[in-house]
Amino acid sequence: MNSSVTQLQSQSALRDRLDRPMRDLRISVIDRCNYRCPYCMPAEIYGESYRFLPRAHWLTPGEIRRLAGLFVGLGVNKLRITGGEPLLRRDLDEIVAGLAGLEGVEDLALTTNGTRLAERAAELREAGLKRITVSLDSLDEAVCRTMNGGRGDVATVLEGIDAARAAGFEPIKVNAMVQRGINDRTVVDLIEHFRGTGIIVRFIEYMDVGTLNGWQAGEVVSSKVLLDRIAARWPLEALESNYRGEVAKRYAFTDGQGEIGFISSVSEPFCGDCHRSRLSAEGTLYTCLFANRGTDLREPLRAGVSDADLVGLLQNVWRNRADRYSELRGEKITREQRVEMYRMGG
Ligand code: SAM
Ligand code: SF4
Ligand code: SF4
């Protein structure tokens, strides 16, 4: 499966049941995290005695590279490393270097909570990482602690962002998940802080991922409401998407002080252009963020299966994909048994 002809054939042929190609792969490299954001890993469930994956179950850097290479052969050109908290993985530089060396990868990005970024940004840049997104829900210390389970402080994350800038990452994005009554009153401060710095703030609607966060529709603040509030302070104009399937809707400040984005998977689902697949730390492939099951790739990988057979497995999974959870939300899907986001890779 190394010939470029075969690769081209697979690329042109591979479409899911809704005619969507596979373009992005999100790779979760770890299921552990130093935060306990209540909307993702509530502390009362993920306490001291919670048993995360044994390390031997994590895919190794070599295994991640091999699988990612096969995805790239099938049309994937964007890779994002995530978790759990990816910077808790000591061999992250090795993982990055392996992925950066794959031919055909146009974008290699990382999502992190930023707490360990100050010490590792330069090393990740050197390893070949292209872009960084830092999650920071609020600049208000008390709000931030409520949203991370009391585990970290704002200053450390800001230092991480500074270190990423100093290491040459450009542009850096800051993702803020917005939950009604918790941090919605602090979004304007977040923009005020980053406006004019080149850092792009994006607001994510609170999603019903997993089954443990007790999500309620009433806690979602729609992007439209936020947009109106922000535009009342700083006039905005809509920007074109950078590429088809871009999840964030982009807006520029009309005074030239940069841009912001909104990821509105609840109020404006974008399943029709969803080209994402997800690989968990233990090597399970998921075709939707709201999936309740996936396909184990680690077992065949470690059993010595050939690249051609693994590609056949990936093709089969993708061709059978019909996921469009967000478009169906509320119609017929129950909250049973969904895999948690930190586990499959956010
Ligand atoms: N730990 C890293 C971080 O927080 O950036 C990477 C993994 S985390 C699962 C990735 C993103 O998912 C974060 O930006 C987080 O805010 C977002 N997220 C987690 N749970 C969410 C939820 N219920 N709704 C919307 N976004 C969520
Ligand atoms: Fe950890 Fe990220 Fe989940 Fe927060 S959102 S608990 S930082 S994995
Ligand atoms: Fe993609 Fe599933 Fe989200 Fe729809 S609900 S955009 S198919 S991940």
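Order of appearance sets the numbers: ligands from 1, and atoms from 1 within every ligand.
- With 2.8 Å as the limit, C274 counts as an N, O or S neighbour of atom 1 (Fe) of ligand 3.
- Looking at Y35, W215, Y39, Y206 and measuring to atom 15 (C) of ligand 1, the nearest heavy atom belongs to Y39.
- Protein heavy atom at the shortest distance from atom 17 (C) of ligand 1 is M341 CE, 3.9 Å.
- For atom 14 (O) of ligand 1, the closest heavy atom belonging to the protein is S135 OG, 2.7 Å.
- In summary, the side chains of D323 and T287 do present a donor paired with an acceptor at a separation below 3.5 Å, with no hydrogens or angles considered.
- Looking at Q257 and T197, their side chains never bring a donor and an acceptor atom within 3.5 Å of each other.
- Distances below 4.0 Å separate heavy atoms of E85 from the following atoms of ligand 1: 1 (N), 2 (C).
- Taking a cut-off of under 4.0 Å to the non-hydrogen atoms of F270, the atoms of ligand 3 that pass are 6 (S).
- Checking G210, S265, G84 against atom 7 (C) of ligand 1, the nearest heavy atom belongs to G84.
- Annotation: M207 places an N or O atom under 3.5 Å from an N or O atom of ligand 1; distance criterion only.
- Among all protein heavy atoms, the one lying closest to atom 4 (Fe) of ligand 3 is C271 SG, 2.3 Å.
- Close contacts between ligand 1 and T82 involve ligand atoms 6 (C), 7 (C) [criterion: under 4.0 Å to a heavy atom].
- When each of V174, D137, D184, L190 is checked for a side-chain contact (heavy atoms from CB on, under 4.5 Å) with F203, only L190 meets the rule.
- When heavy-atom distances to ligand 1 are checked against a 4.0 Å cut-off, T112 comes that close only through its backbone atoms N, CA, C and O.
- Residue contact check for ligand 2: S135 places no non-hydrogen atom closer than 4.0 Å to it.
- Within the cation-pi definition used here (under 6.0 Å to the ring centroid, within 45° of the axis), R23 does not qualify as a partner of Y243.
- At a heavy-atom cutoff of 4.0 Å, ligand 1 is contacted by both the backbone and the side chain of T111.
- Heavy atoms of C37 found under 4.0 angstrom from ligand 2 belong to the backbone as well as the side chain.
- When hydrogens are left out, the protein atom nearest atom 25 (C) of ligand 1 is M177 CG, 3.3 Å; that is the closest non-hydrogen contact.
- For ligand 3, the atoms sitting less than 4.0 Å from at least one non-hydrogen atom of F290 are 5 (S), numbered in the order shown with element in parentheses.
- For atom 8 (S) of ligand 3, the nearest non-hydrogen atom of the protein is L289 N, 3.3 Å.
- Under a 4.0 Å criterion applied to the non-hydrogen atoms of N113, ligand 1 contributes the atoms 2 (C), 3 (C), 5 (O).
- Taking all heavy atoms of V209, V247, D273, D323 into account, the minimum distance to atom 7 (S) of ligand 3 is reached by D323.
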